[in-house]
Amino acid sequence: MKKTVIILAIALGFSFSTFATTTTSNNFKIVKAENSVSPFCASIAKGDFETVKKLIELGADVNQKSNGMTPLMYAAKFNRVEILKLLVENGADLKKKSDKGYTAEKYAELSNAQDAIKAINHFESQKKRKA
């Protein structure tokens, strides 16, 4: 069952896209689909650690934006500390900004995700020590 869910999530991730049609003399209306959250980021928001881990193993980009936010931002916003750690261990950029100009730390602050804020501060201090 888990394999089916993972395969479906990956397939859906490749199939989601934004599209638009243009107005012509035939009175067609402009149609624009709303961007939807990628299956990878949806799994993060739900806190599905195993699916997130599997998708990373299958090559999911830990810095690719979905609806203007990186996976790390979704983890921070929804206070998913274990997933935050997994993403950082796999190269997630703590300083990357969303389309709104916010970092993962700012999303954690806006959501009052105290555990995520502590984790992000811990990861940042570790990176400073290594530098």
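Note that this is a predicted model, so its numbers are computed, not measured.
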Nearest-0.5 Å distance, NZ of residue K97 to CE of residue M69: 15.0 Å
Residues K118, V81; criterion side-chain contact (heavy atoms from CB on, under 4.5 Å); working and verdict: CA-CA 9 Å; K118 288 176 189 173; V81 177; over 6 Å; no
Enclosure of K65 NZ (heavy-atom neighbours >12, cutoff 6.0 Å): yes
Full working for side-chain contact (heavy atoms from CB on, under 4.5 Å) between Q64 and T70: CA-CA 6 Å; Q64 184 172 352; T70 65; over 6 Å; no
N79 side chain vs A116 backbone, donor-acceptor pair below 3.5 Å: yes
Heavy atoms of other groups near K96 NZ, more than 12 under 6.0 Å: yes
Heavy-atom pair of closest approach, residues K95 and T103: O-CG2, 4.0 Å
Atom pair CG/CD of N90 and E57 - distance to nearest 0.5 Å: 8.5 Å
Candidate pair V52 and F40, rule side-chain contact (heavy atoms from CB on, under 4.5 Å), full reasoning: CA-CA 6 Å; V52 172; F40 183 47; 3.8 Å; yes
Nearest non-hydrogen partners of K77 and A113, listed with the distance: O-CB, 4.4 Å
L94 with I117, same ILVMFWY side-chain cluster at under 4.5 Å: no
Point-to-point distance, once rounded to the nearest 0.5 Å, from CG of D93 to CG of L72: 8.5 Å
Heavy-atom pair of closest approach, residues G91 and N63: O-ND2, 3.1 Å
Minimum-distance pair of heavy atoms, taken over all atoms of F123 and K85: CZ-CA, 3.6 Å
Backbone N/O of H122 and side chain of S125: donor-acceptor pair under 3.5 Å: yes
Gap separating the CG atom of L110 from the NZ atom of K106, nearest 0.5 angstrom: 5.0 Å
E105/E124 under side-chain contact (heavy atoms from CB on, under 4.5 Å): CA gap, chis, key distance, verdict: CA-CA 10 Å; E105 184 175 16; E124 288 176 340; 3.8 Å; yes
Side chain proximity check, F78 to I44, heavy atoms < 4.5 angstrom: no
Non-hydrogen side-chain atoms of V88 and V62 separated by less than 4.5 Å: no
Nearest non-hydrogen partners of S43 and T51, listed with the distance: OG-CG2, 3.4 Å
Side chain to side chain, M73 and Y102, heavy atoms closer than 4.5 Å: no
Shortest non-hydrogen separation from S66 to Y74 and the atoms involved: O-OH, 2.8 Å
Between NZ on residue K53 and CG on residue L58, distance to nearest 0.5 Å: 12.5 Å
